[in-house]
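Keep in mind that the numbers below use all heavy atoms, side chains included, and drop hydrogens, waters and symmetry copies. First the proteins, then the strands, lettered A, B, ... as listed; each starts at 1.
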2 protein chains.
Amino acid sequence: MDLSERKLRILQAIVGDFIRSAEPIGSRTLSKKYDMGISPATIRNEMSDLEEMGFLTHPHTSAGRVPSDKAYRLYVNNLMKQYELPEEEKKIIAEKLTKNVTELEKTIQHAASLLSELTNLTSFAITPNQEVNQLKYINFLPVDERTVVLMIVTESGKVSNTAIKLSNPYSEEHLSLLSKVMTYNYKGKTLSDILTLDIIKNFESDIESMGKLMETIRPNFINTLENMLNVELFMDGLTNIFSIPEYNDIEKAKVFLEMIHQKKHFTDVLINRDNGMIITIGNENKEDYMRDCSLITATYHINGKLVGKLGVIGPTRMKYDEVTSIIQYITDNISQTFKLTGGDKEDE
Amino acid sequence: MDLSERKLRILQAIVGDFIRSAEPIGSRTLSKKYDMGISPATIRNEMSDLEEMGFLTHPHTSAGRVPSDKAYRLYVNNLMKQYELPEEEKKIIAEKLTKNVTELEKTIQHAASLLSELTNLTSFAITPNQEVNQLKYINFLPVDERTVVLMIVTESGKVSNTAIKLSNPYSEEHLSLLSKVMTYNYKGKTLSDILTLDIIKNFESDIESMGKLMETIRPNFINTLENMLNVELFMDGLTNIFSIPEYNDIEKAKVFLEMIHQKKHFTDVLINRDNGMIITIGNENKEDYMRDCSLITATYHINGKLVGKLGVIGPTRMKYDEVTSIIQYITDNISQTFKLTGGDKEDE
DNA sequence: TGTTAGCACTCGATACAAGTGAGTGCTAAT
DNA sequence: ATTAGCACTCACTTGTATCGAGTGCTAACA
């Protein structure tokens, strides 16, 4: 069944009003406030139809109407107007994200905090999944007689290191040889390949004379690689939910915060979402504890290859137009910033 | 005015009961529950005295008595019995904190999460202040033609690095020379000395021929040092406050969470506390937004030198005996773990 | 003189009844 | 097809009565 022009207009007014006020809206108020040239009675009839179609609900008989998830979906897909960010906000975003970009992690963290500030919602961001990141360089460095530092550098410019305590002294030649052999063996392979394809197990036989040294180093090497693969989650604006009427209930707020604080689980949810700007509204979310939240995520790109995500989570009643615009602008900025400087593609 | 033996016994019973139940307790209930051989009326008289002395308060005329901050202080100082941790918990703590100690940060984070788990409170931990940490080693490592990695190693075994993009290619000899000169200059100096005593500014003149290289490197070097000095704050059990009756009020919970989330500010508060086991109760806290919380902190030691802190924050009504024991046991364990393995003192 | 029983009083909490008002759904007139 | 009119619904507010845990005071007691 198709929606008439007038029904759409009414629905748009209801959704728009409810997003702002969080109060159920009645026919009389709607007609007065939005001056749509029809009487409350007519609006009531239309509302009744819309309710039957599943776009509106009724907290109780004598209350106004409230949009359903389905209504939000329609609003997001068809009714919502393009929201243009104020120049001022654009400037703030650009400034914060392009200045002082020493570390990707720091920038992503800034992006999350910026996002929560601008939207007044709870924001999050994850660092790129490093699985396709290729190893470039392995180096063992002497520190003192029984300590070496293992340094791993990837094609995208990520650097990671660990100090390793050895039970016996080592020789510098061995160490330097080891750096060369391992670099030779693993250069160009992706981090996950190195870990999963059992390549690591074989490298012992390559340099038989150093069995003992290898034994200590291997678990550290694996550990470091695993750490590099770990996706990091940043969040901000956690207390923003308290200013949202929907979460004035202590029990609801608790559930929300507990859900958010299960970082591992939440990271998984984010990783498994499709790329691009994805909006899931209320019961569209697979996870049932999120069925009265909306989740918006978008992707940013590092070097055109690695993909990270960021977004917001909040009540289904949120300013979708504003929020999506802000997220889009932020991800665009990050991708732009890390287009060239993130890796070794500077000369291309 | 001195407190009679009997007054102390009554006070102890009230504090103990209130810590468990969070309900004001009346004379009749107290006499029945604790079987102290005196009638409710007598207890009432004693209570009245205790109230006059400032140890008890009265939410309203017809309610039971509630301990004041002063009462908690007396309880903590004199009445509280030594609480012995169950062997089981000791085992859990020892296991978690001594296994897999690759990084100090990770261990401290584990300690915080353990602490909140065992106390059901909000826990926190900060990494040691690195100001007295001495520099041991500086190394510049070639990555590709325009990228080098700066690696800084301290006496306590902390390793930090940054990738630096250069605008011009560099020569490997220069790099290696730079490593040697800088190590020679800064070895044994504390990190804060290197930063604050303007030593950095002078090092340009040391190696005149490499002015250009230095120009790019210096800000990165300073930046890295500053990062190393930064104290990191970990927190856990944030949602635990929701199970505490005192914070069933949404407004209170909000204030609490917002206070906690101002990481910078909260870190400063922690840093400025004295060493050792410090308990501040309610209005003993200088920060007025913490005047109905109790804060307990204790210190752990790395290598006998560097000092970090951890503790809990919660309502003044908390199980001080249990909590302090747990914190003590955890800090002892950390200090033990990092007594020898944290630095190069292995052979002493 | 310290302790205790008795009793009037306080006050938050709970329950219930009546009144209010925003909003609906239906019907009949336009 | 639209609208005015009207009875009805129901959350919310206000007012009143009741309950009970607990206090403070007084007088009696050991």
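Heavy atoms only, all atoms of each residue included: B:K33 and B:D17 are closest at NZ-OD1, 2.8 Å.
Counting to the nearest Å, the P atom of D:dT2 and the CG atom of A:N45 are 9 Å from each other. Protein atom NZ of A:K33 is 14 Å distant from nucleotide atom P of C:dA22, rounded to whole Å. One atom, CE of A:M47, and another, C1' of C:dC26, lie 17 Å apart when rounded to the nearest Å. Rounded to whole Å, the distance from CD1 on A:I38 to C1' on C:dT30 is 17 Å. Counting to the nearest Å, the C1' atom of C:dT4 and the CZ atom of B:R6 are 12 Å from each other. One can place CD1 of A:I43 at 17 Å from P of C:dA22, the figure rounded to the nearest angstrom. In this structure, A:R44 places its CZ atom 12 Å from P of D:dG5, rounding to the nearest Å. What separates CG of B:L56 from P of D:dG24 is a distance of 11 Å, to the nearest Å.
A cation-pi arrangement is absent between B:K254 and A:F242, since the terminal nitrogen or guanidinium carbon is not both under 6.0 Å from the aromatic centre and inside a 45° cone about the axis.
Between D:dT2 and A:T42, no contact under 4.0 Å exists linking OP1 or OP2 to a side-chain N or O.
Using a 4.0 Å cut-off on heavy atoms, the residues of residues 57-65 of chain A that approach DNA chain D are A:H60, A:T61, A:S62, listed by number. Near DNA chain D, defined here as any heavy-atom distance below 4.0 Å, the residues from residues 20-30 of chain B are B:G26, B:S27, B:T29, listed numerically.
Counted by atom type alone, A:Y83 and A:T324 present zero donor-acceptor pairs between their side chains at under 3.5 Å.
Under 4.0 Å is where a charged nitrogen must lie from a carboxylate oxygen, and between B:E246 and B:K252 no such pair does.
Rounded to the nearest 0.5 Å, atoms CE (B:M318) and CD1 (B:I19) are 9.5 Å apart.
For B:R9, the CZ atom counts as densely surrounded, since its 6.0 Å shell holds more than 12 non-hydrogen atoms of other residues, nucleotides or ligands.
Using a 4.5 Å heavy-atom threshold, the side chains of A:L118 and A:E89 count as touching.
The aromatic rings of B:F124 and B:F266 sit perpendicular to each other, their planes meeting at more than 60°, with 30° as the lower class boundary.
Ring centroids of A:Y289 and A:H265 are separated by less than 6.0 Å, placing the two rings close together.
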